[in-house]
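Before any comments, here is the structure.
Please read all numbers here as calculations on a predicted model, not as lab measurements. Each chain gets a letter, A, B and so on, in the order the sequences are listed, and its residues count up from 1.
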Number of protein chains: 2
Amino acid sequence: MGKILEIYRSSENCPIRTVLDRIGDKWSILVILILGEEETMRFNELQKSMNDISQKMLTVTLRKLESDGLVHRRIFPEIPPRVEYNLTERGISLLPHIHSLSDWATKNIDGIRRSRAKSGN
Amino acid sequence: MGKILEIYRSSENCPIRTVLDRIGDKWSILVILILGEEETMRFNELQKSMNDISQKMLTVTLRKLESDGLVHRRIFPEIPPRVEYNLTERGISLLPHIHSLSDWATKNIDGIRRSRAKSGN
DNA sequence: CTGAATCCTTTAGGATACTG
DNA sequence: CAGTATCCTAAAGGATTCAG
């Protein structure tokens, strides 16, 4: 077995597992993609731009992305409050990889759906 | 808002969400990476090559990957039974995208860990 | 050896109400 | 407007037992 797999096997040391544990949730990728297109968005704009995310989950998702240093949160001391979100450099550097995955998904989604249907899924 | 985002917003039509709903679980990526290195493996070999996966979850994971047409399952009619798994062409075509994501994770894991620590995570 | 079936715990996520 | 706090449900995943 290669050295690479020695790393993958340990959930605590494995970079991709450490990262995907966060990004593999229901909303993170979507938030990153949206911020990648729109540059800067307010909390409310983000929520409206996603069909069905709850306010709680948007908050949780943004906090996690922020703590990973992928998203930056800027608070304007105004009333009513105003908070703007944008990708950090690290977040931007992740973007092309998500896009390439997204392209693969778009290309293969029909085949995948056919496979699932055939198997009763 | 761009057309791309119109697609992302709908969880049912969005390819990347449809795909990541499956692949974003705890074990799928790891199985794909391992099969990408080892070509063909038996059920037991796969389980041993992962530190802590339960037998049930390995079965579930492999069934989902199979139903997505990413993994092929070959049964040898022997006693005791023998089942070999390998990536399909579709699975192989996904591999480089996961690797590029994995490379990004490896490069950024230290910074991410520092960010998390700083934020109390 | 490769599972399937069952039960149980943990976690993710949603709904609602409230606040500066 | 941008959250927090609380409660609740659903889904993921683990442990155990059994079977061909």
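- Between the CD1 atom of B:Ile75 and the P atom of C:dG3 there is a distance of 7 Å, given to the nearest Å.
- With sequence neighbours excluded, the residues that form a side-chain hydrogen bond (donor to acceptor under 3.5 Å, both in side chains) with A:Arg73 are A:Tyr85.
- Listed by chain and number, the residues in a side-chain contact (heavy atoms from CB on, under 4.5 Å) with A:Glu78 are A:Phe76, A:Arg82 (sequence neighbours excluded).
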Report all interatomic pairs (protein N or O, nucleotide N or O of nucleotides 8-10 of chain C) with separations under 3.5 Å.
none

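- With contacts defined as side-chain heavy-atom distances shorter than 4.5 Å, the pair B:Val71/B:Thr88 does not qualify.
- Between the CZ atom of B:Arg74 and the P atom of C:dG3 there is a distance of 15 Å, rounded to whole Å.
- By the side-chain contact (heavy atoms from CB on, under 4.5 Å) test, A:Gln47 is found to be paired with A:Phe43, A:Asn44, A:Ile53, A:Gln55, A:Leu58, residues two or more places apart in sequence or in another chain being considered.
- Evaluation of the side-chain contact (heavy atoms from CB on, under 4.5 Å) rule for A:Lys107 yields no partner, not counting sequence neighbours.
- For A:Ile79 and D:dA2, the CD1 to P distance is 13 Å, given to the nearest whole Å.
- At least one side-chain nitrogen or oxygen of B:Arg73 sits closer than 4.0 Å to the OP1 or OP2 atom of C:dG3.
- When heavy atoms are screened at a 4.0 angstrom cut-off, A:Tyr85 is found touching the sugar-phosphate backbone but no base atom.
- In this structure, A:Arg42 atom CZ and D:dG3 atom P are separated by 10 Å, rounded to whole Å.
- With sequence neighbours excluded, the residues forming a side-chain contact (heavy atoms from CB on, under 4.5 Å) with A:Asn86 are A:Thr40, A:His72, listed by chain and number.
- Counting only residues at least two apart or on different chains, no salt bridge (Lys or Arg N to Asp or Glu O under 4.0 Å) pair has a member in residues 85-102 of chain A.
- What separates CZ of B:Arg17 from P of C:dG13 is a distance of 11 Å, to the nearest Å.
- Evaluation of the side-chain hydrogen bond (donor to acceptor under 3.5 Å, both in side chains) test over residues 18-36 of chain B, restricted to residues two or more places apart or in two chains, returns B:Arg22-B:Ser67, B:Arg22-B:Asp68, B:Asp25-B:Ser28.
- Applying the side-chain hydrogen bond (donor to acceptor under 3.5 Å, both in side chains) criterion to A:Thr106, with sequence neighbours excluded, gives no partner residue.
- Whole-Å rounding puts the B:Arg63 CZ to D:dA12 P distance at 17 Å.
- The structure places CG of A:Leu95 at 6.0 Å from CG of A:Leu87, a figure rounded to the nearest 0.5 Å.
- Defining each end axis of the helix from C:dC1-D:dG20 to C:dG20-D:dC1 as the rotation carrying four pairs' C1' atoms onto the next four, with five pairs an end, the two axes are found to diverge by 40° to 10 degrees.
- If you take CG of B:Asn44 and P of C:dC1, they are 5 Å apart, rounded to a whole angstrom.
- B:Ser93 meets the side-chain hydrogen bond (donor to acceptor under 3.5 Å, both in side chains) test with A:Trp104; sequence neighbours excluded.
- As rounded to whole Å, 11 Å separates atom P of C:dG14 from atom CE of A:Met50.
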ask   = What does nucleotides 13-20 of chain D look like as a protein-contact string, B for base, S for sugar-phosphate only, - for none, at under 4.0 angstrom between heavy atoms?
value = BBB----B
